[in-house]
Q: 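Sharing a structure, written as structure tokens. Questions coming.
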Amino acid sequence: MPASGLFITFEGMDGSGKTTQMRRLAARLRAMGRTVLETAEPGGTPIGAKIRRILLDGANQELCPTAELLLYFASRAQNVDEWILPALGRGEVVLADRFTDSSLVYQGYGRGLGAENVMALDRIACRGLQPHLTLLVDIDAETSLARAHARNQAETSSETRMDEQSLEFHREVYRAYHELAAREPERVKLVNGRAGMDEIEAAIWRLVSPNV
Ligand code: TYD
């Protein structure tokens with residue numbers, strides 16, 4: 001594990017509110033004097049942002065599941081090398097909006113590509129880097145789809161490709177997230193995403209504060 005940095009990832013279904021919570025946590029940590037790198041996947045680095053456009057463009061309906069998986073990991077490899085490992089090496093706190101767990105549940109289980117294949121790519125792209133703590137902001141598949149659709153309409157977003165997947169796909173993602181939390185209870189902590197934003201923030205702080 002690199003130097004003295006702290007690596008925390010946020011996971012959850014679309015519309016779980018994890019992005020807002022990550023910003024709030026970053027603000028708290030900075031107020032304490034910590035240096036914080038905020039990153040997101042797919043995206044993060046400028047090269048990752050270009051990969052993100054391919055992945056989430058609703059026009060790319062023919063993108064095959066294997067290409068999708070490799071693109072998520074291409075974005076992640078760039079993020080790990082260019083931003084995450086150097087920041088951890090400098091002793092900073094790194095907050096990531098999604099990481100390998102997203103590929104595991106969406107591509108490994110949702111798309112049925114298999115957990116072993118996903119973890120093989122993780123070994124190449126992340127080279128042993130694992131989050132110290134993963135905050136799983138938990139909402140069910142129905143709530144997720146309803147919130148994602150509402151957001152897409154409000155923003156007339158073109159990033160709709162993943163949100164257009166079926167309810168069945170999102171239920172499988174939900175199930176896989178819970179299986180992961182049960183398998184790795186030390187690292188993956190469930191936070192109730194249906195609570196109010198302030199309540200969720202407080203719950204997250206209770207989990208993070210012993211580590212900082
Ligand atoms: P994100 O930008 O986090 O969207 P949201 O704020 O709606 O959660 O993620 C975009 C989509 O990409 C989301 O539907 C989940 C999906 N995704 C994967 O399928 N695999 C991955 O490895 C990652 C990082 C994201």
Side-chain angles (χ1 to χ4, degrees), residues 8-24 38-45 47-58 60-61 63-80 83-84 94-115 117-122 124-126 129 131 134-141 143-177 180 191 193 197 200:
I8 301 176
T9 60
F10 282 73
E11 292 286 346
M13 313 275 290
D14 305 271
S16 61
K18 63 186 165 42
T19 307
T20 306
Q21 291 301 332
M22 193 176 99
R23 290 203 190 109
R24 289 188 181 199
E38 288 176 82
T39 185
E41 293 194 357
T45 65
I47 288 171
K50 291 183 187 170
I51 298 172
R52 179 184 177 91
R53 259 174 253 140
I54 302 173
L55 278 165
L56 301 185
D57 187 342
N60 285 343
Q61 291 300 326
L63 187 68
C64 72
T66 306
E68 177 185 286
L69 174 67
L70 292 170
L71 284 170
Y72 278 115
F73 270 103
S75 173
R76 184 162 305 131
Q78 187 66 33
N79 204 1
V80 166
W83 281 6
I84 299 178
V94 176
L95 303 181
D97 190 346
R98 299 191 180 281
F99 201 64
T100 293
D101 295 327
S102 282
S103 298
L104 183 68
V105 300
Y106 283 86
Q107 281 69 50
Y109 291 96
R111 299 272 191 237
L113 293 175
N117 289 331
V118 173
M119 296 322 289
L121 291 173
D122 176 77
I124 298 170
C126 307
L129 174 67
T134 296
L135 300 160
L136 174 47
V137 184
D138 186 35
I139 56 171
D140 57 59
T143 308
S144 165
L145 273 181
R147 288 187 187 176
H149 286 157
R151 185 177 55 184
N152 285 341
Q153 282 181 346
E155 294 174 359
T156 56
S157 168
S158 61
E159 289 193 345
T160 54
R161 205 182 58 88
M162 296 302 287
D163 300 340
E164 284 162 4
Q165 304 305 318
S166 67
L167 180 59
E168 204 182 321
F169 175 88
H170 286 91
R171 283 199 178 129
E172 179 60 13
V173 168
Y174 175 84
R175 194 200 56 72
Y177 264 138
L180 175 70
V191 178
M197 281 294 174
I200 301 176

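Remember, it's 1-based here, ligands and their atoms both numbered in the order they're listed. Start at 1 with the first residue, then count along the sequence.
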Q: Which of the atoms in ligand 1, numbered in the order shown and given with their element, are less than 4.0 Å from a heavy-atom of R52?
A: 2 (O)
Q: How far apart are the C-alpha atoms of Y106 and D14, what are their side-chain angles, what is the distance that settles it, and do they pass the side-chain hydrogen bond (donor to acceptor under 3.5 Å, both in side chains) test?
A: CA-CA 11 Å; Y106 283 86; D14 305 271; 3.2 Å; yes
Q: Could you check which of E41, R151, Q107 puts a non-hydrogen atom nearest to atom 24 (C) of ligand 1?
A: E41
Q: Verify the neighbour count for atom CD of E168: are there more than 12 heavy atoms of other residues, nucleotides or ligands below 6.0 Å?
A: no
Q: Return the closest protein heavy atom for atom 9 (O) of ligand 1 as residue, atom name and distance.
A: R98 NE, 3.2 Å
Q: Between ligand 1 and E68, can you find any atom pair, the residue atom being a heavy atom, that is separated by under 4.0 Å?
A: no
Q: Could you check whether atom CZ of R23 has more than 12 heavy atoms from other residues, nucleotides or ligands sitting under 6.0 Å from it?
A: no
Q: Can you report which non-hydrogen protein atom sits closest to atom 14 (O) of ligand 1, along with the distance?
A: D14 OD1, 2.6 Å
Q: Can a cation-pi geometry be assigned to R76 and F73, taking NZ or CZ under 6.0 Å from the six-membered ring centre and within 45° of the ring axis?
A: yes
Q: For R76, counting its heavy atoms only, list the atoms of ligand 1 lying under 4.0 Å from any of them.
A: 22 (O), 24 (C)
Q: Only heavy atoms of S103, strictly under 4.0 Å: list the atoms of ligand 1 that pass.
A: 21 (C), 22 (O)
Q: Within a distance under 4.0 Å of any heavy atom of K18, pick out the atoms of ligand 1 and give their elements.
A: 3 (O), 5 (P), 6 (O), 8 (O)
